[in-house]
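Within every chain, numbering begins at 1; the chains are lettered A, B, ... in the order of the sequence lines, protein sequences first and strands thereafter.
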There are 4 protein chains.
Amino acid sequence: MADVGGIAGAQLRSYIERVERLEEEKAALAADIREVFAEAKATGFEPKVMRQIIKLRKLEQADRQEQEALLELYLAAIGMGPEPEGIEPPVA
Amino acid sequence: MADVGGIAGAQLRSYIERVERLEEEKAALAADIREVFAEAKATGFEPKVMRQIIKLRKLEQADRQEQEALLELYLAAIGMGPEPEGIEPPVA
Amino acid sequence: MADVGGIAGAQLRSYIERVERLEEEKAALAADIREVFAEAKATGFEPKVMRQIIKLRKLEQADRQEQEALLELYLAAIGMGPEPEGIEPPVA
Amino acid sequence: MADVGGIAGAQLRSYIERVERLEEEKAALAADIREVFAEAKATGFEPKVMRQIIKLRKLEQADRQEQEALLELYLAAIGMGPEPEGIEPPVA
DNA sequence: TCCAATCTTAA
DNA sequence: TTAAGATTGGA
């Protein structure tokens, strides 16, 4: 960072502003989510229950992904793993 | 929840899916942020320091906003507050 | 903490030492776990696969617990929640 | 893993259950630690500060151990190292 | 050694 | 209750 105030500074500022912009968008989404819960609540759905359902669905999805990862590991362990990306398997 | 499987169920599902979609977008933004840090790091900027700077700037911004809120309060107190949102100021 | 060096100091030191002892035990357990993995690996089991299995089992257990929590919430939502602890339900 | 359901399976299960048991104990210790902090907090000590102190002490301990390691190295370098572990020093 | 994730705490 | 920070484990 010898170039204080020069190119390096401009570049750093650019990175920081990019992050800040993304964080703003993230905060906006968080606000949107809160709004959906509020709307649902106004319609008579308990946010607490909704959150529980969402959590459960996420867990189930994670389950599925773990199952697949495990399967792949097993396949790899017995020498049936996937070919390295971008390399065609030899056509015997 | 007397309406199991009926309208209420469809509506609940709709709310839940909206939340899940928003959470996915939020996760995507988090990934984007990580990417920016990674890119910056590859260019020679320490993510750790960058985070500190961002935090600092956020604090300063909060300060400013507090200042502005205070200013507005004072203005309102002396009868110079802003018009309520959505209402056009009288065109004398 | 007006009593610097006096009773309060002794008490604080006691708390801190209790935590430190517990953390030592925790570190010892972590070392034990690493050992088991090492031993298993020496016997021909892939730690990676083992970890995946353990993770999956944990997820499944979490699933079950979430299911139960959700059920309880639903029951509560329709006014069939559990009686307060320690109070016998009226025997009609 | 040709021995599905046989000896190898039993052995793998045993390893996994050992790890799970150890992880449970570890979780229990983590809970104990939380309890101590809670108790200390109820007595008026800030957990935040306590954590800082503990961290500091750990660092100092690491320092000391480094010092000792260095000392041992020096001693070894001048032929005054400790006897190898598990071997009784000759009783002259 | 660094990154990712989990967990915990502070707002 | 959510978001940030710290800690821990894995690659």
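- The nearest whole Å value for the distance from the CG atom in A/Leu73 to the C1' atom in F/dA11 is 13 Å.
- Straight-line distance from the CD1 atom of B/Ile54 to the P atom of F/dA3: 18 Å, rounded to whole Å.
- In this structure, C/Glu24 has no salt bridge (charged side-chain N to carboxylate O under 4.0 Å, His left out) partners at least two apart in sequence or on a different chain.
- D/Glu23 has its CD atom 13 Å from the C1' atom of F/dG10, to the nearest Å.
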Point to revise | Sequence-aligned protein contact record of nucleotides 1-11 of chain E, with B where the base is within under 4.0 Å of a protein heavy atom and S where only the sugar-phosphate is | key: -SSS---SSS-
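- Judged as a salt bridge (charged side-chain N to carboxylate O under 4.0 Å, His left out), not a single pair has a partner in residues 65-81 of chain D (not counting sequence neighbours).
- C/Thr43 meets the side-chain hydrogen bond (donor to acceptor under 3.5 Å, both in side chains) test with D/Tyr15; sequence neighbours excluded.
- When all heavy atoms are compared, the tightest approach of A/Leu73 to C/Lys48 is CD1-O, 3.8 Å.
- The distance from atom CG of B/Leu29 to atom P of F/dA4 is 13 Å, rounded to the nearest whole Å.
- Scored by the side-chain hydrogen bond (donor to acceptor under 3.5 Å, both in side chains) test, D/Glu25 finds no partners at all (sequence neighbours excluded).
- Applying the side-chain hydrogen bond (donor to acceptor under 3.5 Å, both in side chains) test to residues at least two apart or on different chains, the pairs with a partner in residues 50-65 of chain B are A/Glu20-B/Arg57.
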